[in-house]
Amino acid sequence: MPLRLRSAREAEPIVQPILPVRDMAEAEAFYVRAGFDVTRYDDGYGWVHRNGRELFHLVAAADLDPDRNPSACYIHTADVDDWHVAWLAADLPVSELENQTWGMREFTVFDPSGNRLRVGTNI
């Protein structure tokens with residue numbers, strides 16, 4: 001039997017990655033510096049918000065090796081240039097902002113736990 005939903009809104013899922021972090025306080029400080037709000041459930045779990053919208057979750061993983069962390073999150077935004085300028089001003093380790101051959105204008109930053117955040121917009 002096919003899945004039946006009551007409205008178009010229910011038909012569109014919301015996907016929020018759960019990023020592992022080696023130290024919740026370190027991660028919270030990084031994301032606050034990046035302009036996000038962090039709400040913690042406890043010392044092992046938290047939610048990252050921007051402008052009142054929940055974007056992704058954080059989960060403590062004390063044995064995480066940042067150099068071997070494959071986790072990533074893509075943030076689509078219409079104002080990628082503004083994000084890049086703001087994160088440079090916040091002294092975050094951002095890459096150059098570039099137009100990519102796959103049709104995106106984007107940059108990348110790694111958090112202290114090695115999570116890759118790529119921020120971009122369609123061009």
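Just so you know, these numbers come straight off a predicted model, no measurement behind them. When reading the values below, keep in mind they use all heavy atoms of this one structure, side chains included, and skip hydrogens, waters and symmetry mates.
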Enquirer: Applying a strict under-4.5 Å side-chain criterion to I, L, V, M, F, W and Y, I'd like to know whether M104 and F107 cluster together.
Expert: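 Result: no, two separate clusters.
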Enquirer: Enter the distance from Q100:CD to E106:CD here, rounded to the nearest 0.5 Å.
Expert: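 The CD atom of E106 is 4.5 Å from CD of Q100, to the nearest 0.5 Å.
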Enquirer: Against R105, only a single residue in N122, V119, D81 fulfils side-chain contact (heavy atoms from CB on, under 4.5 Å); can you say which?
Expert: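 By the side-chain contact (heavy atoms from CB on, under 4.5 Å) criterion, R105 pairs with just one of N122, V119, D81: D81.
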Enquirer: Is it true that a side-chain atom of D42 and a backbone atom of Y45 form a donor plus acceptor pair closer than 3.5 Å?
Expert: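 Yes.
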Enquirer: Kindly compute the distance separating OH (Y74) from NE2 (H76), expressed to the nearest 0.5 Å.
Expert: 5.5 Å
Enquirer: Using 0.5 Å steps for rounding, measure from the CG atom of N99 to the OG1 atom of T121.
Expert: 10.5 Å
Enquirer: Run through V48, L58, V38 and flag the one making a side-chain contact (heavy atoms from CB on, under 4.5 Å) with E28.
Expert: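 Checked V48, L58, V38 against E28; only one passes side-chain contact (heavy atoms from CB on, under 4.5 Å): V38.
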Enquirer: Can you tell me how far apart NE2 (H84) and CD (E96) are? Round to the nearest 0.5 Å.
Expert: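 CD of E96 is found 6.0 Å from NE2 of H84.
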Enquirer: Assigning hydrophobic clusters by single linkage (Ile, Leu, Val, Met, Phe, Trp, Tyr; side-chain heavy-atom cutoff under 4.5 Å), is I75 placed with L88?
Expert: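 Yes: a chain of side-chain contacts under 4.5 Å links I75 to L88.
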Enquirer: With no hydrogens and no angle check, is any side-chain donor or acceptor of S113 less than 3.5 Å from a backbone partner on N115?
Expert: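 Such a contact is absent between S113 side chain and N115 backbone.
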Enquirer: Between the main-chain N or O of A60 and the side-chain N or O of R22, is there a donor-acceptor pair closer than 3.5 Å?
Expert: no
Enquirer: Could you walk me through whether F110 and F30 satisfy the ring-ring contact (aromatic ring centres under 6.0 Å, His included) test, starting with their C-alpha distance in whole Å, then the side-chain angles of each, then the deciding distance to 0.1 Å, before giving a yes or no?
Expert: CA-CA 10 Å; F110 288 89; F30 175 87; over 10 Å; no
Enquirer: Run the side-chain contact (heavy atoms from CB on, under 4.5 Å) test on W83 and R50 for me, step by step, so that the C-alpha distance in whole Å, both residues' side-chain angles and the decisive distance to 0.1 Å come before the verdict.
Expert: CA-CA 12 Å; W83 280 56; R50 183 174 171 101; 3.1 Å; yes
Enquirer: How long is the gap from CZ on F56 to CH2 on W47, to the nearest 0.5 Å?
Expert: 14.0 Å
Enquirer: Would I123 end up clustered with V80 when hydrophobic side chains under 4.5 Å apart are linked, directly or stepwise?
Expert: no
Enquirer: Main chain of D82, side chain of D79: is a donor-acceptor contact present, judged purely on distance under 3.5 Å?
Expert: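 Here the side-chain-to-backbone pair does not exist.
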Enquirer: Hey, does the side chain of Q16 reach the backbone of E54 with a donor-acceptor pair shorter than 3.5 angstrom?
Expert: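 Such a contact is found between Q16 side chain and E54 backbone.
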Enquirer: To the nearest 0.5 angstrom, please state how far the CE atom of M24 sits from the CD atom of E26.
Expert: 11.0 Å
Enquirer: Test your reading of the model: is there a side-chain donor-acceptor pair from S71 to the backbone of L19, 3.5 Å cut-off?
Expert: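 No; judged by distance alone, with no hydrogens or angles, the pair does not exist.
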Enquirer: Are the side chain of T108 and the backbone of S95 linked by a donor-acceptor contact shorter than 3.5 Å?
Expert: no
Enquirer: Look only at the side chain of W87 and the backbone of A34, and say whether a donor-acceptor pair between them is shorter than 3.5 Å.
Expert: yes
